[in-house]
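Structure, as structure tokens:
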Amino acid sequence: MQHIINRFIKYVTIDTQSDSNSNTTPSTSKQWNLANKLVEELKSIGMDDVAIDENAYIMATLPSNTDKQVPTIGFISHFDTSPDFSGTDVKPQIVENYDGEDIVLNKEKGIILSPSYFDDLLLYKNQTLITTDGTTLLGADDKAGVTEIVTAMEYLINHPEIEHGKIRIGFTPDEEIGRGAHKFDVAKFGADWAYTMDGSQIGELEYENFNAAEAKITIHGKSVHPGYAKGKMVNAILIAQEFLSHLPTNEVPQKTTGREGFFHVHTIQGEIELANIELIIRDHDLKHFEKRKSDLQAIVDKLNNQYDSCLSLEIKDQYFNMKEKVAPVFHIVELAKEAMHAVGVTPIIKPIRGGTDGSQLSYMGLPCPNIFAGGHNFHGKYEYVPVESMQKAVEVIVKICELNCSKNQI
């Protein structure tokens with residue numbers, strides 16, 4: 001277990017925060033610092049075909065050690081961390097034999113990680129937790145996944161008695177800003193399917209995610225002296241308010257769960273002559289998703305009839321529910337479930353209320369369910385990961401490789 005702790009801490013203490021305002025790949029030059037170290041480490045543990053491209057995408061191979069003809073499988077994680085909270089100068093703290101009480105992250109600042117608020121902590125009593133010091137995020141999203149993949153490959157290399165087919169691994173930049181799969185070369189990766197190690201709680205196994213789109217509404221008004229404005233002024237701010245009043249009040253993030261979709265207004269800017277609204281659309285059901293987009297257009301059309309066509313709507317699809325691509329090859333989910341059961345992990349199958357690189361990769365021709373990496377409270381100072389969860393993730397990866405060899409001969 002100490003080996004996993006040491007590897008994880010080595011990774012998280014390297015700042016790899018991505019930046020959505022950048023047009024480069026990777027979006028920040030500091031991501032190269034960990035990327036280059038990963039390349040050297042993969043070589044040092046004995047991986048083959050270790051390569052990094054001009055955009056910092058890393059791929060490597062563990063060759064087959066069996067005469068059986070079995071599918072090539074892959075494991076993928078991202079090494080960037082979220083721009084939502086500082087990833088600079090991460091100082092991990094190790095809490096051994098967690099007693100179920102409050103954890104003081106930062107005494108000076110009065111920052112407490114408490115099970116009275118984060119009740120999932122109580123799942124990990126008597127285990128070893130790695131936390132932040134209250135001033136940065138931790139980076140378990142997704143350096144826990146990177147740690148687990150490297151450690152699993154190292155284990156398989158050191159235990160050649162475990163039969164497995166060809167295994168490909170990939171590490172990507174910029175997942176946290178939605179670009180992790182954008183320049184991923186699926187053909188070069190050459191796997192029949194893969195798993196992202198990027199879930200949260202131990203046992204999570206996900207093959208459904210939102211269909212997603214972003215929408216921008218622009219409203220052009222007319223500014224006239226308010227004393228002489230009757231019949232002349234068109235106040236873009238008030239029209240924006242009217243637009244928002246047509247959205248369903250209960251279909252918002254804070255009032256939905258499970259497979260329930262929503263509209264989420266996240267930006268409003270306005271003056272009399274110009275107002276802008278930005279929102280995102282999310283729904284697991286494709287028909288409902290398409291209806292949400294058409295409902296927005298209907299609202300805009302209605303208001304344009306009232307206000308002389310002063311509104312415009314731009315909708316861009318972002319990603320789609322990977323269930324559509326995973327369902328035809330559902331045995332890859334069953335394989336992961338069997339592997340979890342075999343190592344004593346109870347699968348928790350639920351839809352992702354968000355997106356994942358696996359969604360984009362699935363639509364690029366690489367079916368890619370998501371498996372737990374073990375961390376909790378991502379993107380903030382309360383982030384933590386149980387070491388035992390990371391160890392179990394390593395065991396799941398190894399068992400998937402072993403079962404693929406014994407069950408899926410071509």
TODO: Could you tell me whether the side chain of D80 and the main chain of E175 form a donor-acceptor pair under 3.5 Å?
DONE: yes

Task: Side chain proximity check, N404 to H164, heavy atoms < 4.5 angstrom - done: no

Task: Pairs meeting criterion side-chain hydrogen bond (donor to acceptor under 3.5 Å, both in side chains) with involvement of residues 257-269, two or more places apart - done: E208-R259

Open item on the list: Under a 3.5 Å cutoff, is there a donor and acceptor pairing between the side chains of H78 and D357?
Closed with: no

- [ ] With the side chain counted from C-beta on, respond yes when P92 and Y384 share a heavy-atom pair under 4.5 Å apart, and no when they do not.
- [x] no

TODO: Check whether the side chains of N304 and S309 place a donor and an acceptor atom closer than 3.5 Å, and report yes or no.
DONE: no

- [ ] For E290 and K287, run salt bridge (charged side-chain N to carboxylate O under 4.0 Å, His left out): C-alpha distance rounded to whole Å, both residues' side-chain angles, the deciding distance at 0.1 Å, then the answer.
- [x] CA-CA 5 Å; E290 295 299 335; K287 290 182 179 178; over 6 Å; no

Open item on the list: With rounding to the nearest 0.5 angstrom, report the NZ to OH distance, K183 to Y57.
Closed with: 7.0 Å

Open item on the list: Just checking H376 against Y124, ring centres under 6.0 Å apart?
Closed with: yes

Task: For the student: nearest non-hydrogen atoms of T24 and R179, plus distance - done: O-NH1, 3.8 Å

Open item on the list: Would you say the ring centers of Y11 and F79 fall short of 6.0 Å from each other?
Closed with: no

Task: F189: partners by ring-ring contact (aromatic ring centres under 6.0 Å, His included), with sequence neighbours left out - done: F184

Open item on the list: For a quick check under 3.5 Å, do T147 and K10 share a side-chain donor-acceptor pair by atom type?
Closed with: no

Open item on the list: Under a plain distance cut-off of 3.5 Å, with no hydrogens placed, do D48 and T61 share a side-chain donor-acceptor pair?
Closed with: no

Open item on the list: As a test of understanding, state which of E204, H284, E206 forms a side chain to side chain contact (heavy atoms under 4.5 Å, CB included) with I352.
Closed with: E206

Task: Any E41 side-chain heavy atom under 4.5 Å of V150 side chain - done: yes

Task: Side chains of Q17 and T28 in contact at under 4.5 Å (non-hydrogen atoms) - done: no

